Protein chains: 2
Amino acid sequence: MTGRRSAADALETRAAILRRAADVASVEGLDGVTIGRLAADLQMSKSGVIGHFGTKEQLQLAALDYAAERFRVRVWEPVHHLRPGLERLLGVCASWTAHAAAPEFVGGCFIAATSYEWDGRPGSVHDALAAVTDRWRRTLAGEIKRAIAAGDLAADLNPDALVFSLESLAAGINPARQLHGDTEADTWALRAMHTLLGVPAPTVAATAS
Amino acid sequence: MTGRRSAADALETRAAILRRAADVASVEGLDGVTIGRLAADLQMSKSGVIGHFGTKEQLQLAALDYAAERFRVRVWEPVHHLRPGLERLLGVCASWTAHAAAPEFVGGCFIAATSYEWDGRPGSVHDALAAVTDRWRRTLAGEIKRAIAAGDLAADLNPDALVFSLESLAAGINPARQLHGDTEADTWALRAMHTLLGVPAPTVAATAS
DNA sequence: CCTACCGATCGGTAGG
DNA sequence: CCTACCGATCGGTAGG
(Lines give C-alpha, C1' and ligand atoms only; values in the text may rest on other atoms or scores of the structure.)
Protein backbone atom coordinates (compact mmCIF):
# COMPACT_ATOMS: atom_id res chain seq x y z
CA MET A 1 0.00 0.00 0.00
CA THR A 2 2.92 2.35 0.56
CA GLY A 3 6.38 3.14 -0.74
CA ARG A 4 7.64 2.91 -4.32
CA ARG A 5 5.60 1.01 -6.88
CA SER A 6 6.16 -0.11 -10.46
CA ALA A 7 6.66 2.14 -13.44
CA ALA A 8 3.20 1.20 -14.73
CA ASP A 9 1.67 2.21 -11.41
CA ALA A 10 3.53 5.50 -11.58
CA LEU A 11 2.11 6.23 -15.04
CA GLU A 12 -1.37 5.47 -13.76
CA THR A 13 -0.88 7.83 -10.85
CA ARG A 14 0.41 10.49 -13.21
CA ALA A 15 -2.66 10.11 -15.42
CA ALA A 16 -4.97 10.35 -12.40
CA ILE A 17 -3.25 13.57 -11.32
CA LEU A 18 -3.67 15.08 -14.80
CA ARG A 19 -7.34 14.09 -15.00
CA ARG A 20 -8.00 15.71 -11.65
CA ALA A 21 -5.93 18.79 -12.60
CA ALA A 22 -7.95 19.21 -15.81
CA ASP A 23 -11.21 18.93 -13.88
CA VAL A 24 -10.10 21.53 -11.36
CA ALA A 25 -8.78 23.85 -14.07
CA SER A 26 -12.02 23.62 -16.06
CA VAL A 27 -13.83 25.06 -13.04
CA GLU A 28 -11.35 27.38 -11.37
CA GLY A 29 -8.72 27.90 -14.03
CA LEU A 30 -5.14 26.70 -14.09
CA ASP A 31 -4.48 28.98 -11.13
CA GLY A 32 -6.82 26.90 -9.03
CA VAL A 33 -4.69 23.84 -9.59
CA THR A 34 -2.55 23.81 -6.44
CA ILE A 35 -0.31 20.97 -5.44
CA GLY A 36 -1.79 20.71 -1.96
CA ARG A 37 -5.31 20.54 -3.30
CA LEU A 38 -4.56 17.79 -5.78
CA ALA A 39 -2.79 15.88 -3.02
CA ALA A 40 -5.81 16.14 -0.74
CA ASP A 41 -8.27 15.20 -3.51
CA LEU A 42 -6.21 12.16 -4.51
CA GLN A 43 -5.24 11.25 -0.95
CA MET A 44 -1.55 11.61 -1.67
CA SER A 45 1.23 13.70 -0.21
CA LYS A 46 2.23 16.94 -1.93
CA SER A 47 5.64 15.56 -2.78
CA GLY A 48 3.96 12.54 -4.32
CA VAL A 49 2.06 14.85 -6.64
CA ILE A 50 4.80 17.24 -7.62
CA GLY A 51 7.37 14.46 -7.95
CA HIS A 52 5.81 13.48 -11.28
CA PHE A 53 6.32 16.91 -12.78
CA GLY A 54 9.05 18.81 -10.95
CA THR A 55 7.40 22.19 -10.74
CA LYS A 56 3.88 23.52 -10.75
CA GLU A 57 4.46 25.10 -14.15
CA GLN A 58 5.43 21.73 -15.62
CA LEU A 59 2.29 20.26 -14.10
CA GLN A 60 0.22 23.00 -15.75
CA LEU A 61 1.87 22.34 -19.11
CA ALA A 62 1.22 18.60 -18.73
CA ALA A 63 -2.45 19.27 -17.89
CA LEU A 64 -2.73 21.42 -21.01
CA ASP A 65 -1.22 18.64 -23.13
CA TYR A 66 -3.64 16.16 -21.61
CA ALA A 67 -6.65 18.40 -22.31
CA ALA A 68 -5.47 19.10 -25.86
CA GLU A 69 -5.26 15.36 -26.51
CA ARG A 70 -8.76 14.84 -25.08
CA PHE A 71 -10.03 17.66 -27.31
CA ARG A 72 -8.47 15.97 -30.33
CA VAL A 73 -10.07 12.64 -29.43
CA ARG A 74 -13.51 14.14 -28.88
CA VAL A 75 -13.67 16.77 -31.63
CA TRP A 76 -11.30 15.79 -34.42
CA GLU A 77 -11.18 11.98 -34.29
CA PRO A 78 -14.93 11.45 -34.89
CA VAL A 79 -14.76 13.44 -38.14
CA HIS A 80 -11.23 13.04 -39.49
CA HIS A 81 -12.37 10.20 -41.73
CA LEU A 82 -14.85 12.49 -43.52
CA ARG A 83 -14.03 13.92 -46.92
CA PRO A 84 -11.60 16.88 -46.60
CA GLY A 85 -13.20 20.26 -47.25
CA LEU A 86 -16.77 21.29 -46.53
CA GLU A 87 -18.00 17.90 -45.36
CA ARG A 88 -15.30 17.54 -42.73
CA LEU A 89 -15.57 21.22 -41.78
CA LEU A 90 -19.28 20.87 -41.02
CA GLY A 91 -18.52 17.69 -39.12
CA VAL A 92 -16.04 19.58 -36.98
CA CYS A 93 -18.61 22.29 -36.24
CA ALA A 94 -21.07 19.63 -35.08
CA SER A 95 -18.64 17.64 -32.93
CA TRP A 96 -17.13 20.84 -31.52
CA THR A 97 -20.41 22.32 -30.33
CA ALA A 98 -21.50 18.91 -29.05
CA HIS A 99 -18.22 18.67 -27.14
CA ALA A 100 -18.89 22.05 -25.49
CA ALA A 101 -22.47 21.13 -24.61
CA ALA A 102 -21.53 17.80 -23.00
CA PRO A 103 -18.05 18.49 -21.63
CA GLU A 104 -15.96 15.70 -20.18
CA PHE A 105 -14.50 17.97 -17.49
CA VAL A 106 -16.83 19.18 -14.77
CA GLY A 107 -16.35 22.89 -15.50
CA GLY A 108 -16.65 22.65 -19.28
CA CYS A 109 -14.08 23.05 -22.03
CA PHE A 110 -10.57 23.28 -20.57
CA ILE A 111 -9.10 24.90 -23.67
CA ALA A 112 -11.73 27.65 -23.79
CA ALA A 113 -11.52 28.40 -20.08
CA THR A 114 -7.72 28.53 -20.12
CA SER A 115 -7.54 30.65 -23.27
CA TYR A 116 -9.59 33.42 -21.70
CA GLU A 117 -7.77 33.09 -18.39
CA TRP A 118 -4.23 33.10 -19.67
CA ASP A 119 -4.27 35.26 -22.80
CA GLY A 120 -2.92 38.34 -21.03
CA ARG A 121 -0.15 36.72 -19.00
CA PRO A 122 3.41 36.11 -20.12
CA GLY A 123 5.25 32.84 -19.72
CA SER A 124 5.45 29.28 -20.93
CA VAL A 125 1.78 28.42 -20.25
CA HIS A 126 0.68 31.33 -22.46
CA ASP A 127 3.08 30.20 -25.17
CA ALA A 128 2.02 26.55 -25.02
CA LEU A 129 -1.63 27.58 -25.13
CA ALA A 130 -0.97 29.76 -28.17
CA ALA A 131 0.80 26.85 -29.86
CA VAL A 132 -2.02 24.39 -29.18
CA THR A 133 -4.78 26.73 -30.37
CA ASP A 134 -2.71 27.83 -33.32
CA ARG A 135 -2.42 24.25 -34.51
CA TRP A 136 -6.18 23.89 -34.31
CA ARG A 137 -6.68 27.17 -36.16
CA ARG A 138 -4.46 25.99 -39.01
CA THR A 139 -6.44 22.75 -39.27
CA LEU A 140 -9.68 24.70 -39.53
CA ALA A 141 -8.27 27.22 -42.00
CA GLY A 142 -7.06 24.33 -44.14
CA GLU A 143 -10.52 22.81 -44.36
CA ILE A 144 -12.05 26.18 -45.19
CA LYS A 145 -9.52 26.83 -47.95
CA ARG A 146 -10.11 23.36 -49.41
CA ALA A 147 -13.86 23.99 -49.40
CA ILE A 148 -13.39 27.32 -51.15
CA ALA A 149 -11.05 25.79 -53.72
CA ALA A 150 -13.62 23.07 -54.39
CA GLY A 151 -16.31 25.69 -54.96
CA ASP A 152 -18.30 24.51 -51.92
CA LEU A 153 -17.86 27.83 -50.12
CA ALA A 154 -18.00 31.35 -51.55
CA ALA A 155 -14.66 32.57 -52.87
CA ASP A 156 -14.90 35.92 -51.09
CA LEU A 157 -14.96 34.40 -47.59
CA ASN A 158 -12.01 35.28 -45.34
CA PRO A 159 -10.63 32.03 -43.82
CA ASP A 160 -8.89 33.75 -40.90
CA ALA A 161 -12.01 35.73 -40.03
CA LEU A 162 -14.10 32.56 -40.19
CA VAL A 163 -11.71 30.67 -37.93
CA PHE A 164 -11.94 33.50 -35.41
CA SER A 165 -15.74 33.45 -35.51
CA LEU A 166 -16.07 29.67 -35.19
CA GLU A 167 -13.66 29.70 -32.26
CA SER A 168 -15.51 32.51 -30.50
CA LEU A 169 -18.90 30.84 -30.93
CA ALA A 170 -17.67 27.48 -29.67
CA ALA A 171 -15.98 29.09 -26.66
CA GLY A 172 -19.08 31.12 -25.86
CA ILE A 173 -21.13 27.99 -25.19
CA ASN A 174 -19.35 27.53 -21.86
CA PRO A 175 -20.39 30.77 -20.11
CA ALA A 176 -23.79 30.80 -21.81
CA ARG A 177 -24.64 27.49 -20.19
CA GLN A 178 -23.04 28.10 -16.82
CA LEU A 179 -23.86 31.74 -16.33
CA HIS A 180 -27.27 31.95 -17.98
CA GLY A 181 -28.52 28.38 -18.19
CA ASP A 182 -28.70 28.52 -21.99
CA THR A 183 -29.12 24.82 -22.69
CA GLU A 184 -29.64 25.60 -26.38
CA ALA A 185 -26.39 27.54 -26.77
CA ASP A 186 -24.74 24.71 -28.70
CA THR A 187 -27.59 24.71 -31.21
CA TRP A 188 -27.39 28.49 -31.58
CA ALA A 189 -23.62 28.31 -32.06
CA LEU A 190 -23.89 25.60 -34.71
CA ARG A 191 -26.57 27.54 -36.61
CA ALA A 192 -24.50 30.73 -36.49
CA MET A 193 -21.49 28.82 -37.81
CA HIS A 194 -23.55 27.62 -40.79
CA THR A 195 -24.85 31.12 -41.42
CA LEU A 196 -21.34 32.58 -41.43
CA LEU A 197 -20.16 29.83 -43.77
CA GLY A 198 -23.10 30.60 -46.04
CA VAL A 199 -24.47 27.06 -46.02
CA PRO A 200 -27.99 25.82 -45.11
CA ALA A 201 -28.96 25.38 -41.47
CA PRO A 202 -27.95 22.04 -39.93
CA THR A 203 -30.48 19.25 -39.75
CA VAL A 204 -31.68 18.44 -36.25
CA ALA A 205 -30.12 15.00 -35.86
CA ALA A 206 -26.84 15.83 -37.57
CA THR A 207 -24.81 14.78 -34.53
CA ALA A 208 -25.32 11.73 -32.39
CA SER A 209 -22.07 11.18 -30.48
CA MET B 1 0.93 62.42 4.94
CA THR B 2 -0.30 59.82 7.42
CA GLY B 3 -3.26 58.90 9.61
CA ARG B 4 -6.96 59.51 8.86
CA ARG B 5 -7.93 61.88 6.09
CA SER B 6 -11.18 63.40 4.86
CA ALA B 7 -14.16 61.52 3.47
CA ALA B 8 -13.37 62.88 0.01
CA ASP B 9 -9.82 61.57 0.24
CA ALA B 10 -11.17 58.21 1.32
CA LEU B 11 -13.42 58.04 -1.75
CA GLU B 12 -10.49 58.87 -3.98
CA THR B 13 -8.43 56.13 -2.40
CA ARG B 14 -11.30 53.71 -2.83
CA ALA B 15 -11.57 54.59 -6.52
CA ALA B 16 -7.82 54.15 -6.99
CA ILE B 17 -8.03 50.69 -5.41
CA LEU B 18 -10.87 49.70 -7.74
CA ARG B 19 -9.08 50.96 -10.83
CA ARG B 20 -6.01 48.98 -9.90
CA ALA B 21 -8.11 45.91 -9.03
CA ALA B 22 -9.83 46.06 -12.42
CA ASP B 23 -6.48 46.32 -14.19
CA VAL B 24 -5.09 43.34 -12.32
CA ALA B 25 -8.27 41.31 -12.86
CA SER B 26 -8.26 42.03 -16.60
CA VAL B 27 -4.86 40.34 -16.82
CA GLU B 28 -4.88 37.63 -14.15
CA GLY B 29 -8.54 37.29 -13.31
CA LEU B 30 -10.37 38.22 -10.14
CA ASP B 31 -8.35 35.53 -8.37
CA GLY B 32 -5.20 37.47 -9.04
CA VAL B 33 -6.55 40.44 -7.11
CA THR B 34 -4.96 39.89 -3.70
CA ILE B 35 -5.06 42.40 -0.90
CA GLY B 36 -1.32 42.32 -0.37
CA ARG B 37 -0.62 42.92 -4.02
CA LEU B 38 -2.94 45.90 -4.27
CA ALA B 39 -1.36 47.30 -1.11
CA ALA B 40 2.13 46.97 -2.59
CA ASP B 41 1.10 48.45 -5.95
CA LEU B 42 -0.60 51.42 -4.29
CA GLN B 43 2.01 51.81 -1.54
CA MET B 44 -0.54 51.27 1.20
CA SER B 45 -0.89 48.79 4.04
CA LYS B 46 -3.09 45.74 3.58
CA SER B 47 -5.50 46.95 6.26
CA GLY B 48 -5.73 50.28 4.43
CA VAL B 49 -6.87 48.43 1.31
CA ILE B 50 -9.30 45.98 2.84
CA GLY B 51 -10.72 48.58 5.23
CA HIS B 52 -12.68 50.09 2.34
CA PHE B 53 -14.46 46.85 1.57
CA GLY B 54 -14.46 44.55 4.58
CA THR B 55 -13.67 41.30 2.83
CA LYS B 56 -11.95 40.24 -0.36
CA GLU B 57 -15.26 39.08 -1.79
CA GLN B 58 -16.78 42.53 -1.25
CA LEU B 59 -13.74 44.02 -2.98
CA GLN B 60 -14.29 41.67 -5.94
CA LEU B 61 -17.95 42.65 -6.14
CA ALA B 62 -17.02 46.35 -6.02
CA ALA B 63 -14.46 45.85 -8.80
CA LEU B 64 -17.13 44.15 -10.89
CA ASP B 65 -19.51 47.06 -10.32
CA TYR B 66 -16.79 49.48 -11.28
CA ALA B 67 -15.98 47.59 -14.50
CA ALA B 68 -19.68 47.29 -15.38
CA GLU B 69 -20.08 51.05 -15.05
CA ARG B 70 -17.02 51.65 -17.24
CA PHE B 71 -18.46 49.23 -19.83
CA ARG B 72 -21.72 51.18 -19.80
CA VAL B 73 -19.88 54.48 -20.27
CA ARG B 74 -17.74 53.18 -23.12
CA VAL B 75 -20.19 50.96 -25.00
CA TRP B 76 -23.72 52.11 -24.27
CA GLU B 77 -23.39 55.83 -23.59
CA PRO B 78 -21.92 56.71 -27.02
CA VAL B 79 -24.94 55.16 -28.78
CA HIS B 80 -27.89 55.47 -26.39
CA HIS B 81 -28.99 58.66 -28.12
CA LEU B 82 -29.41 56.81 -31.44
CA ARG B 83 -32.85 55.77 -32.65
CA PRO B 84 -34.04 52.63 -30.80
CA GLY B 85 -34.01 49.49 -32.94
CA LEU B 86 -31.63 48.62 -35.76
CA GLU B 87 -29.75 51.92 -35.79
CA ARG B 88 -28.88 51.74 -32.09
CA LEU B 89 -28.19 47.99 -32.32
CA LEU B 90 -25.61 48.51 -35.06
CA GLY B 91 -24.15 51.37 -33.03
CA VAL B 92 -23.74 49.02 -30.08
CA CYS B 93 -21.98 46.44 -32.25
CA ALA B 94 -19.53 49.11 -33.41
CA SER B 95 -18.81 50.61 -29.98
CA TRP B 96 -18.61 47.15 -28.41
CA THR B 97 -16.01 45.77 -30.81
CA ALA B 98 -14.10 49.08 -30.65
CA HIS B 99 -14.14 48.81 -26.85
CA ALA B 100 -12.65 45.32 -27.02
CA ALA B 101 -9.98 46.37 -29.52
CA ALA B 102 -8.86 49.38 -27.45
CA PRO B 103 -9.52 48.26 -23.89
CA GLU B 104 -9.16 50.68 -21.02
CA PHE B 105 -7.78 47.97 -18.70
CA VAL B 106 -4.35 46.59 -19.47
CA GLY B 107 -5.51 42.99 -19.91
CA GLY B 108 -8.56 43.74 -22.05
CA CYS B 109 -12.26 43.52 -21.29
CA PHE B 110 -12.83 42.83 -17.60
CA ILE B 111 -16.37 41.53 -18.13
CA ALA B 112 -15.32 39.03 -20.80
CA ALA B 113 -12.31 37.79 -18.83
CA THR B 114 -14.31 37.38 -15.63
CA SER B 115 -17.24 35.67 -17.34
CA TYR B 116 -15.06 32.89 -18.67
CA GLU B 117 -13.15 32.66 -15.39
CA TRP B 118 -16.06 32.55 -13.02
CA ASP B 119 -18.88 30.82 -14.91
CA GLY B 120 -18.30 27.45 -13.27
CA ARG B 121 -17.87 28.58 -9.67
CA PRO B 122 -20.62 29.06 -7.13
CA GLY B 123 -20.99 32.12 -4.93
CA SER B 124 -21.87 35.77 -4.92
CA VAL B 125 -19.33 36.79 -7.57
CA HIS B 126 -20.86 34.29 -9.99
CA ASP B 127 -24.34 35.57 -9.20
CA ALA B 128 -23.38 39.24 -9.55
CA LEU B 129 -21.67 38.51 -12.84
CA ALA B 130 -24.76 36.70 -14.10
CA ALA B 131 -26.90 39.68 -13.07
CA VAL B 132 -24.67 42.22 -14.80
CA THR B 133 -24.44 40.27 -18.05
CA ASP B 134 -28.14 39.41 -17.94
CA ARG B 135 -29.02 43.10 -17.82
CA TRP B 136 -26.87 43.70 -20.89
CA ARG B 137 -28.43 40.72 -22.67
CA ARG B 138 -31.92 42.10 -22.07
CA THR B 139 -30.87 45.48 -23.45
CA LEU B 140 -29.57 43.82 -26.61
CA ALA B 141 -32.58 41.55 -26.98
CA GLY B 142 -34.84 44.60 -26.64
CA GLU B 143 -33.11 46.38 -29.52
CA ILE B 144 -33.27 43.27 -31.68
CA LYS B 145 -36.99 42.80 -31.01
CA ARG B 146 -37.66 46.45 -31.80
CA ALA B 147 -35.77 46.13 -35.08
CA ILE B 148 -37.75 43.01 -35.99
CA ALA B 149 -41.05 44.69 -35.08
CA ALA B 150 -40.10 47.67 -37.26
CA GLY B 151 -39.36 45.35 -40.17
CA ASP B 152 -35.67 46.26 -40.19
CA LEU B 153 -34.60 42.72 -39.35
CA ALA B 154 -36.01 39.42 -40.63
CA ALA B 155 -38.97 38.13 -38.60
CA ASP B 156 -37.56 34.60 -38.34
CA LEU B 157 -34.43 35.66 -36.43
CA ASN B 158 -34.11 34.29 -32.89
CA PRO B 159 -33.29 37.21 -30.53
CA ASP B 160 -31.82 34.99 -27.80
CA ALA B 161 -29.62 33.15 -30.27
CA LEU B 162 -28.44 36.46 -31.73
CA VAL B 163 -27.61 37.87 -28.31
CA PHE B 164 -25.55 34.75 -27.60
CA SER B 165 -23.67 35.10 -30.89
CA LEU B 166 -22.95 38.82 -30.52
CA GLU B 167 -21.69 38.24 -26.99
CA SER B 168 -19.43 35.37 -28.03
CA LEU B 169 -17.93 37.31 -30.93
CA ALA B 170 -17.24 40.38 -28.79
CA ALA B 171 -15.67 38.30 -26.03
CA GLY B 172 -13.54 36.41 -28.54
CA ILE B 173 -11.67 39.56 -29.54
CA ASN B 174 -9.71 39.45 -26.30
CA PRO B 175 -7.94 36.09 -26.70
CA ALA B 176 -7.61 36.52 -30.47
CA ARG B 177 -5.56 39.65 -29.95
CA GLN B 178 -3.56 38.49 -26.94
CA LEU B 179 -2.97 34.87 -27.90
CA HIS B 180 -2.64 35.14 -31.67
CA GLY B 181 -1.92 38.80 -32.37
CA ASP B 182 -5.08 39.17 -34.46
CA THR B 183 -5.17 42.95 -34.68
CA GLU B 184 -8.11 42.72 -37.08
CA ALA B 185 -10.26 40.60 -34.77
CA ASP B 186 -12.56 43.53 -33.96
CA THR B 187 -13.24 44.07 -37.67
CA TRP B 188 -13.93 40.36 -38.19
CA ALA B 189 -16.27 40.32 -35.18
CA LEU B 190 -18.19 43.37 -36.42
CA ARG B 191 -18.57 41.88 -39.92
CA ALA B 192 -19.78 38.57 -38.49
CA MET B 193 -22.33 40.42 -36.36
CA HIS B 194 -23.71 42.13 -39.45
CA THR B 195 -23.83 38.84 -41.34
CA LEU B 196 -25.75 37.13 -38.54
CA LEU B 197 -28.16 40.08 -38.34
CA GLY B 198 -28.65 39.84 -42.10
CA VAL B 199 -27.65 43.43 -42.80
CA PRO B 200 -24.97 44.80 -45.18
CA ALA B 201 -21.33 44.83 -44.10
CA PRO B 202 -20.28 47.86 -42.05
CA THR B 203 -18.59 50.78 -43.76
CA VAL B 204 -14.93 51.19 -42.91
CA ALA B 205 -15.14 54.42 -40.93
CA ALA B 206 -18.36 53.62 -39.08
CA THR B 207 -16.74 54.10 -35.68
CA ALA B 208 -14.33 56.82 -34.65
CA SER B 209 -14.43 56.91 -30.85
C1' DC C 1 -5.20 55.12 7.46
C1' DC C 2 -0.98 52.53 10.26
C1' DT C 3 1.90 48.50 12.73
C1' DA C 4 1.93 44.10 14.36
C1' DC C 5 0.21 40.01 14.44
C1' DC C 6 -2.85 35.39 13.68
C1' DG C 7 -3.57 30.59 11.49
C1' DA C 8 -3.76 28.58 6.96
C1' DT C 9 -1.91 27.59 2.67
C1' DC C 10 1.30 28.29 -1.04
C1' DG C 11 5.45 26.00 -3.97
C1' DG C 12 9.13 23.43 -3.10
C1' DT C 13 13.12 20.58 -0.78
C1' DA C 14 15.74 17.15 2.25
C1' DG C 15 16.14 12.73 3.35
C1' DG C 16 14.48 8.35 3.31
C1' DC D 1 5.89 7.29 -2.93
C1' DC D 2 6.24 9.20 2.42
C1' DT D 3 7.16 12.64 6.64
C1' DA D 4 8.89 16.77 8.08
C1' DC D 5 10.19 20.95 7.20
C1' DC D 6 11.47 25.82 4.79
C1' DG D 7 10.31 30.91 3.71
C1' DA D 8 6.69 33.50 1.50
C1' DT D 9 2.16 34.91 0.99
C1' DC D 10 -2.73 34.45 1.75
C1' DG D 11 -7.20 36.81 4.07
C1' DG D 12 -8.18 38.94 8.00
C1' DT D 13 -8.07 41.15 12.94
C1' DA D 14 -6.61 43.96 17.19
C1' DG D 15 -5.57 48.15 18.64
C1' DG D 16 -4.46 52.64 17.80
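Remember, predicted model here, so these are calculated numbers, not experimental data.
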(message) By nearest heavy atom, map B/Ile17 and B/Lys46 onto DNA chain C; which one lands nearer the 5' end?
(response) B/Ile17
(request) Nearest whole angstrom, please: distance from the P of C/dG11 to the CG of A/Leu30. (result) 12 Å
(message) Does A/Asp41 form a side-chain contact (heavy atoms from CB on, under 4.5 Å) with A/Asp23? I'd like the steps, not just the answer.
(response) CA-CA 11 Å; A/Asp41 288 356; A/Asp23 264 333; over 6 Å; no
(request) Answer yes when A/Glu28 and A/Arg37 have at least one side-chain N-carboxylate O distance shorter than 4.0 Å, and no when they do not. (result) yes
(request) Provide, to the nearest angstrom, the distance between the CG atom belonging to B/Leu38 and the C1' atom belonging to C/dC1. (result) 16 Å
(request) Round to a whole Å and report the spacing from CD1 of B/Ile35 to P of C/dC1. (result) 15 Å
(message) Quick test of your reading of the model: are A/Asp127 and A/Arg121 salt-bridged, counting only N-O distances below 4.0 Å?
(response) no
(request) State whether a side-chain donor-acceptor pair under 3.5 Å links B/Thr13 with B/His52. (result) no
(request) Check the distance between D/dT3's P and A/Met44's CE and give it to me in whole angstrom. (result) 11 Å
(request) Both distances under 3.5 Å, Watson-Crick or G-U wobble: report the partner of D/dC2, or none. (result) C/dG15
(request) Measure the distance from CD1 on B/Ile50 to P on C/dT3 and round it to the nearest whole Å. (result) 17 Å
(message) Any base atoms under 4.0 Å from B/Ser47, or only sugar-phosphate, or nothing? Heavy atoms, all strands.
(response) base
(request) Grab the CZ-P distance between A/Arg14 and D/dC1 for me, whole Å please. (result) 12 Å
(request) Send over the distance from A/Asp31 CG to C/dT9 P, rounded to a whole Å. (result) 18 Å
(message) If the cut-off is 4.0 Å, is B/Ser45 near the phosphate of C/dT3, judged by side-chain N/O to OP1 or OP2?
(response) no
(message) Working to the nearest 0.5 angstrom, can you tell me the gap between B/Gln60 CD and B/Thr114 OG1?
(response) 9.5 Å
(message) Regarding D/dG12, can its base be found pairing with the side chain of B/Lys56 as donor and acceptor, where the two atoms are less than 3.5 Å apart?
(response) no
(message) It should be established whether A/Thr13 places a side-chain nitrogen or oxygen under 4.0 Å from OP1 or OP2 of nucleotide D/dC1.
(response) yes
(request) Whole angstrom is fine here: how far is it from CG in A/Leu59 over to C1' in C/dG12? (result) 13 Å
